[in-house]
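What follows is a short report on a single structure.
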Amino acid sequence: MNDPITLDDLSAYLDDELPPGRRAAVEAALARDDGLRAALDALAWTAGVVARAPLPELPAGGTLRLPDAARGARPVGARMRPRWYAAAGLAAAVAVAAIGAGVRLGWPGDATREAAAPAADPAAMDVAEVDAELDGARGAASTAAPTAAGGDRAARSAEGINRPHDGEPRAGWRPAAVGAAVLALLAALAALAARRVRTSR
Amino acid sequence: MDDESWLERARAGDAAAFDRLVALHERTLYWLARALTPTADDALDACQEAALRAWRTIGRFEGPAANVAPWLARIVRNCCHDRWRAHHGAVLAPLDEADAGRGRRLDPTRGPEDLALSEETAAAIERAIAGLPAEQRATLALARAGFAYAEIAAALDIAEGTVKSRIARARATLRLALTGQPIVEPPAAEPRLDGRR
């Protein structure tokens, strides 16, 4: 704050380009210093004279004209309009969120099946379903010989079907995921096509 | 349509939008080019080259439309420098420094508004401005066009303090050239006459 007031400060003061603190310091110095005021007057006179001087006239036809040959070329880095980025990004985000939610929480079809199943552990429910299918395949001929549960499980394991809730989503998620992905792809393609139409004009 | 929309279209490769955008700043950019080149033809050529460079790179321009004028000014300045280096192999120099103090003297006791701006007076001012160092002329041209110090700094790629200093130096030099009287400062406020900041 104690820096001496310079010619630069006085000139910037005229242009209203000083920060408030420095401006206040200049005004305080001007109030007590005749020499500083005379310097300010001289600067103001010069600025006024220069401001009144005519500036060069623009040549007829303008100055910053693009040559016709350059008009056909696209600028380097010419880019997709932000709103198309936003549209494509939003579509992709919605699709990913839908798939993610479906995988994590289960799809509507799964909920329906679960509601219809006996109130039991979901793993046990699937085992029961598979048991029923196996029993049906064995036919009515073998109904007189009840099968031991342990033996059936070993048989299922050998056939590779003993996989209730082993981390894989249930049946029904695939069509929904594929549909969402196709929708996202179509949205992105539409955004790109619209951008090409606009930028080629 | 506002400036941001024109800028967005120009970025995407719309030449008509680019024309519209540069037309807003054409006058200022020409004044800058005139301040940095010895003749009107040189200024026109520099502006033409600047338009081409700006068109080629506007796709990579970052920032709001308010920053377009300083960006274009920087391109014009670079074009002027390149042309000068190509033809003279040196940095820009005063247009005619020897004439700086020779013109008609103006009466400093009369206010600027009272000075009859005759052709002779206008020529004297023009001659005095031409005698300034090129960078001071460029800074003054942008200031006369209404650029704020921060915008001038961005356009000329210098610090704001340098802008402040150049304008003050230019005014002090013009005062001396036009009236024969230097600006006298109190000892505590001695000007830095070495031109540095």
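Convention: sequence-line order gives letters A, B, ...; per-chain numbering from 1. When reading the values below, keep in mind they use all heavy atoms of this one structure, side chains included, and skip hydrogens, waters and symmetry mates. Predicted, not measured: the structure shown is a model, and the values here were computed from it.
- Contacts of A:Leu14 with chain B are made by side-chain atoms alone, with heavy-atom separations under 4.5 Å and no backbone atom involved.
- Of the atoms belonging to B:Ala43, not a single heavy atom falls under 4.5 Å from chain A.
- Salt-bridge check for A:Asp15 with B:Arg171: passed, with a basic side-chain N closer than 4.0 Å to an acidic carboxylate O.
- Salt-bridge formation is detected for the pair B:Arg169/A:Asp8: a Lys NZ or Arg NE/NH1/NH2 atom is positioned less than 4.0 Å from an Asp or Glu carboxylate oxygen.
- A side-chain donor-acceptor contact under 3.5 Å links B:Thr37 to the backbone of B:Ala33.
- Each of A:Ala47, A:Ala29, A:Ser11, A:Ala44 has some count of heavy-atom pairs under 4.5 Å with chain B, and the biggest count is that of A:Ser11.
- With a 6.0 Å cutoff to the six-membered ring centre and a 45° limit on the axis angle, B:Arg144 does not count as a cation-pi contact of B:Trp31.
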